[in-house]
Amino acid sequence: MPLSAIPEGSRLRPPDGDVVMSVVRLSRYFLPVLREDPAEAEIVSHRLMLRAGLIQQAAAGIYNWLPLGFRVLKKIEQIVREEMDRAGAIEILMPTIQPAQWWKESGRYDDYGKEMLRIRDRHDREMLYGPTNEENVVDIFRRHVKSYRQLPLNLYHIQWKFRDEIRPRFGVMRGREFLMKDAYSFDYDFAGAKRSYENMFLAYLRTFRRMGLTAIPMVAESGPIGGNMSHEFQILASTGESVVYYDAAFEELDLAAEDVEVEALTRLYAAVEEKHDPERCPVPAERLRKARGIEVGHIFYFGTKYSAPMGATVTGPDGREVAVEMGSYGIGVSRLVGAIIEAYHDERGIVWPEPVAPFRVGLVNLRPDDADCTAMAEAMCTRLDRAGVETLYDDTQERAGAKFATMELIGLPWLVVIGPRGARSGLVELRSRRDGTATELGPDAVLQRLCG
RNA sequence: CGGGGCGUAGCGCAGCCGGGUAGCGCAUCUGCUUUGGGAGCAGAGGGUCGGCGGUUCGAAUCCGCCCGCCCCGACCA
């Protein structure tokens, strides 16, 4: 087949033959936006995710991820991955389907109830779609780790989970199937487990901050996972489900330093409304903040709850065999997509923080039928691609109003507008989605602003 | 799981009470005009009315059963 017969697809192919990787042509892309609000969506993030073509429902609490939504999901996943790796955790991938036997060993097979999706294979073996992976990771650990010298160890994966919620709702914020990062720490003793816990605590603050979010860790019940040291991380959003009180110090944390005093951070005050007692609150009024939050992460220390019954032991320096001390650390990756939209949107649509935006730039060619406009736009595409700027190039024949409305709905941080006016004067318009400010610049200046 | 509601064209909805040839807006397709904020005109296509059964000469409409989805409550990354 001659090269010219191969469909170009959505990637741009510039005249010199290089395949462009950063720029996507809207006319060849798959972006099914909805002009009207779907009837089933109640909350703003769910409405916007459906309207902006991020997801499509398959069944109650189960979603298809369409191209734009999938890009965001991958961005979030990658930030989580990088911060886990930075914290010394090691990525693996455990299966979605697990044998029931492990759960019978840990004693959770009966405890977990109807939330766990139980299935049987063709040989009538009992299996389940994992709602979490403590048993699975303990099985990996116990078959290979025998000595305290191999500790500490932290294994994590980013995998789909299924919890058969009684009532899934709010789109991906409370789906039945969801993508979660779950990490599991193994230590020889409590002191080590506490260090592992604090290490994850800091990693979580860094992870959420990189996404443009303020995360408030609050002391939590440890629930069915068990244990006695637990924090849940709520990100602030005006539409959040719970009301939280917290020390303003959380907003000013310096997380970049190598020697962050994590233990001090774990003691900063934060509480959900139900547990907040104004009389006994240790934070002075001028430093107390009240806001709404959405839970996006939860960390637990639970000691030997799983290692003891499942026989995950190591031999210590004294020659004695002990069950390892464990913790587990979850981040709702798919939930974060909805949570970030709850935190960042306006009446026109989504306003993505740059680190998680599906594309950094929306390049609007107002007149694809005009040779000058198109030449200018395609030249800009090539330059943006060379600079590695992820760009969605709107080369469609829609009218200006429809193009702007779509771009504002999908919320890319930067809009570059090329029209007949600018094509004559050599200027393009650079517009910020966040504050709406627009400036007329030459192509060089645009590149500089976006890359400098 | 208890309570409430909804399933009619891709999306949003009307029609159902009082059974009688399935409609509207948007979207889609064709043509012409238009082109910096969701265009105009003309034409066209698209429906097992969620499913099964019943009543009836005749069912989107009445009755029964089932399925799916949404909302409110008790639980959750």
Side-chain angles (χ1 to χ4, degrees), chain A residues 32-43 46-47 50-51 53 56-62 76 80 112-116 130-133 158-183 204 208 215 220-225 230-235 241-242 294-300 328-339 348-349 364-370 373 394 396-409 415-425 427-429 431 436 438 440:
Chain A
V33 298
L34 305 175
R35 196 159 162 176
E36 290 171 275
D37 281 330
E40 75 260 25
E42 191 68 15
I43 64 164
H46 190 194
R47 278 205 307 270
L50 291 166
R51 282 197 57 206
Q56 183 177 48
Q57 187 177 64
I62 302 177
I76 293 172
V80 170
Y112 220 91
K114 287 188 152 178
E115 260 187 39
M116 188 155 74
T132 178
N133 290 65
I158 300 171
Q159 176 65 290
W160 292 92
K161 305 289 188 289
F162 193 90
R163 294 182 190 171
D164 201 356
E165 300 280 345
I166 299 166
R167 183 154 93 86
R169 58 183 128 172
F170 306 146
V172 300
M173 297 259 285
R174 191 178 308 171
R176 291 192 292 173
E177 187 186 53
F178 57 97
L179 187 61
M180 180 165 118
K181 184 286 299 177
D182 37 325
Y204 273 40
F208 296 126
E221 307 293 338
S222 33
I225 307 283
S230 176
H231 283 84
E232 62 178 53
F233 287 74
Q234 304 234 0
I235 61 153
E241 264 198 289
S242 44
I294 300 170
E295 186 185 351
V296 292
H298 204 149
I299 63 177
F300 306 88
S328 76
Y329 314 90
I331 290 180
V333 175
S334 50
R335 172 182 282 191
L336 267 166
V337 180
R348 295 182 175 195
V364 173
N365 181 355
L366 286 175
R367 291 291 299 277
D369 58 338
D370 178 295
C373 283
D394 183 352
T396 65
Q397 279 293 348
E398 291 295 315
R399 298 169 66 86
K403 289 184 178 227
F404 291 139
T406 297
M407 283 295 181
E408 281 154 4
L409 174 64
L415 202 59
V416 174
V417 184
I418 294 177
R421 260 180 8 216
R424 278 194 300 276
S425 61
L427 294 177
V428 304
E429 182 184 324
R431 214 187 281 184
E440 301 250 314

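Reminder, nothing fancy here: chain letters follow the sequence lines and each chain counts from 1. Because the structure is a prediction, the values reported are computed rather than measured. Just so you know, these numbers use all the heavy atoms, side chains as well, and skip hydrogens, waters and symmetry mates.
What separates CD of A/Glu177 from C1' of B/C76 is a distance of 16 Å, to the nearest Å. Put simply, CZ on A/Arg348 is 8 Å from C1' on B/G37, counting in whole angstrom units. Atoms CD (A/Gln397) and P (B/U28) sit 13 Å apart, rounded to a whole Å. Nucleotide B/G36 holds its P atom 14 Å from the CD atom of A/Glu398, rounded to whole Å. B/C69 atom P lies 8 Å from atom CD1 of A/Ile62, rounded to whole Å. Note: CG (A/Asp370) to C1' (B/U34) measures 15 Å, nearest angstrom. In this structure, A/Ile294 places its CD1 atom 14 Å from P of B/A77, rounding to the nearest Å. Put simply, CD on A/Gln234 is 14 Å from P on B/C76, counting in whole angstrom units.
Across B/C1, B/G37, B/C76, the shortest atom-to-atom separation from the side chain of A/Glu165 is found for B/C76. Here the side chain of A/Arg431 is nearest to one of B/U35, B/G37, B/C76, namely B/G37. Candidate nucleotides B/G38, B/C76, B/C1 were compared by shortest atom distance to the side chain of A/Arg174, and B/C76 ranks first. Closest to the side chain of A/Arg169, from the set B/G36, B/C72, B/A77, is B/C72. Distance from the side chain of A/Asp369 is smallest to B/U35 among B/U35, B/C70, B/G36.
Contact annotation for A/Glu408: base contact, defined as any heavy-atom pair under 4.0 Å involving a base atom. Across all strands, A/Gly175 comes closer than 4.0 Å to base atoms (heavy-atom distances). Within 4.0 Å of A/Gly419, counting heavy atoms only, lies at least one base atom of the nucleic acid. Residue-level contact check: A/Val417 touches the bases, meaning some heavy atom is under 4.0 Å from a base atom. Among the atoms of the strands shown, only primed sugar atoms or phosphate atoms (P, OP1, OP2) are found under 4.0 Å from some heavy atom of A/Ala400. Residue A/Ala60 is in sugar-phosphate contact alone, with no base atom involved, counting any heavy-atom pair closer than 4.0 Å across all strands shown. At the heavy-atom level, A/Ala59 lies under 4.0 Å from the strands shown only through sugar-phosphate atoms.
Using cut-offs of 30° and 60° for the angle between ring planes, the A/Phe208 and A/Tyr204 rings count as perpendicular.
Looking at every heavy atom in both residues, A/Gln57 comes nearest to A/Ala60 through NE2-CA, 4.0 Å. Of all the heavy atoms in A/His298 and A/Ser230, the pair that sits closest is NE2-OG, 2.9 Å. Nearest heavy atoms, A/Gly338 versus A/Met173: C-SD, 3.6 Å.
Evaluation of the side chain to side chain donor-acceptor pair (under 3.5 Å) rule for A/Gln56 yields no partner, not counting sequence neighbours. For A/Arg431, the salt bridge (Lys or Arg N to Asp or Glu O under 4.0 Å) partners are A/Glu408, A/Glu429, not counting sequence neighbours. Contacts of A/Phe404 classified as ring pair (Phe, Tyr, Trp, His ring centres under 6.0 Å), with partners at least two apart in sequence or in another chain: none. Partners of A/Glu398 according to the side chain to side chain donor-acceptor pair (under 3.5 Å) rule, which considers only residues two or more places apart in sequence or in another chain, do not exist here. Qualifying salt bridge (Lys or Arg N to Asp or Glu O under 4.0 Å) partners for A/Lys403, counting only residues two or more places apart in sequence or in other chains: A/Asp394.
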For this session: Go through A/Arg335 and A/Phe170 one step at a time and tell me if the side chain to side chain contact (heavy atoms under 4.5 Å, CB included) criterion holds.
Result: CA-CA 10 Å; A/Arg335 172 182 282 191; A/Phe170 306 146; over 6 Å; no
Problem set entry | Verdict with supporting geometry, A/Lys161 and A/Asn133, side chain to side chain contact (heavy atoms under 4.5 Å, CB included) | CA-CA 9 Å; A/Lys161 305 289 188 289; A/Asn133 290 65; 3.3 Å; yes
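Heavy-atom nearest nucleotides on RNA chain B were determined for A/Val333 and for A/Lys114, and the one closer to the 5' end corresponds to A/Lys114. Checking A/Arg51 against A/Gly171, the closest nucleotide of RNA chain B that is more toward the 5' end is the one next to A/Arg51.
As rounded to the nearest Å, B/C6 and B/G25 have P atoms that lie 25 Å from one another. Between B/C62 and B/C16, the distance separating the two P atoms is 9 Å to the nearest Å. Only the C1' atoms considered, B/G38 is 23 Å distant from B/G43, to the nearest whole Å. Taking atom P in both B/C65 and B/G47, the straight-line distance is 32 Å, to the nearest Å. Only the C1' atoms considered, B/A59 is 35 Å distant from B/C1, to the nearest whole Å. Nucleotides B/U56 and B/G45 have their C1' atoms positioned 35 Å apart, rounded to a whole Å. Straight-line distance between the P atoms of B/C70 and B/C26: roughly 29 Å, to the nearest whole Å. Nucleotides B/A74 and B/G18 are separated by 43 Å at their C1' atoms, to the nearest Å.
Base pairing annotation: B/U56 forms no Watson-Crick or G-U wobble pair, as no partner gives both donor-acceptor distances under 3.5 Å. As the counterpart of B/A22, no nucleotide is assigned, since no Watson-Crick or G-U wobble pattern has both distances under 3.5 Å. Using N1 to N3 plus N6-O4 or O6-N4 for Watson-Crick, or N1-O2 and O6-N3 for G-U wobble, each under 3.5 Å, B/G36 pairs with nothing. Shown here, B/C41 forms a base pair with B/G31; the pair counts as Watson-Crick or G-U wobble because both key distances fall under 3.5 Å. Pairing for B/C1 is with B/G73, a Watson-Crick or G-U wobble pair whose two hydrogen-bonding atom distances lie under 3.5 Å. Partner assigned to B/G68 is B/C6, using Watson-Crick or G-U wobble distances below 3.5 angstrom. Pair assignment for B/C17 gives none, since no Watson-Crick or G-U wobble pairing has each distance under 3.5 Å.
Residue A/Arg367 has no polar side-chain atom (N or O) positioned under 4.0 Å from OP1 or OP2 of B/U35. Remark: A/Arg35 is in phosphate contact with B/A27, judged by side-chain N or O atoms under 4.0 Å from OP1 or OP2. Between A/Arg167 and the phosphate of B/C71, there is a side-chain N or O to OP1/OP2 separation shorter than 4.0 Å.
An aromatic stacking contact links A/Phe178 with the base of B/A77, defined here by ring centres under 5.5 Å apart and ring planes under 30° from parallel.
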Seminar exercise, completed: For nucleotides 9-16 of chain B, 5' to 3', base contacts (B), sugar-phosphate-only contacts (S) and non-contacts (-) with protein non-hydrogen atoms under 4.0 Å give --BSS---
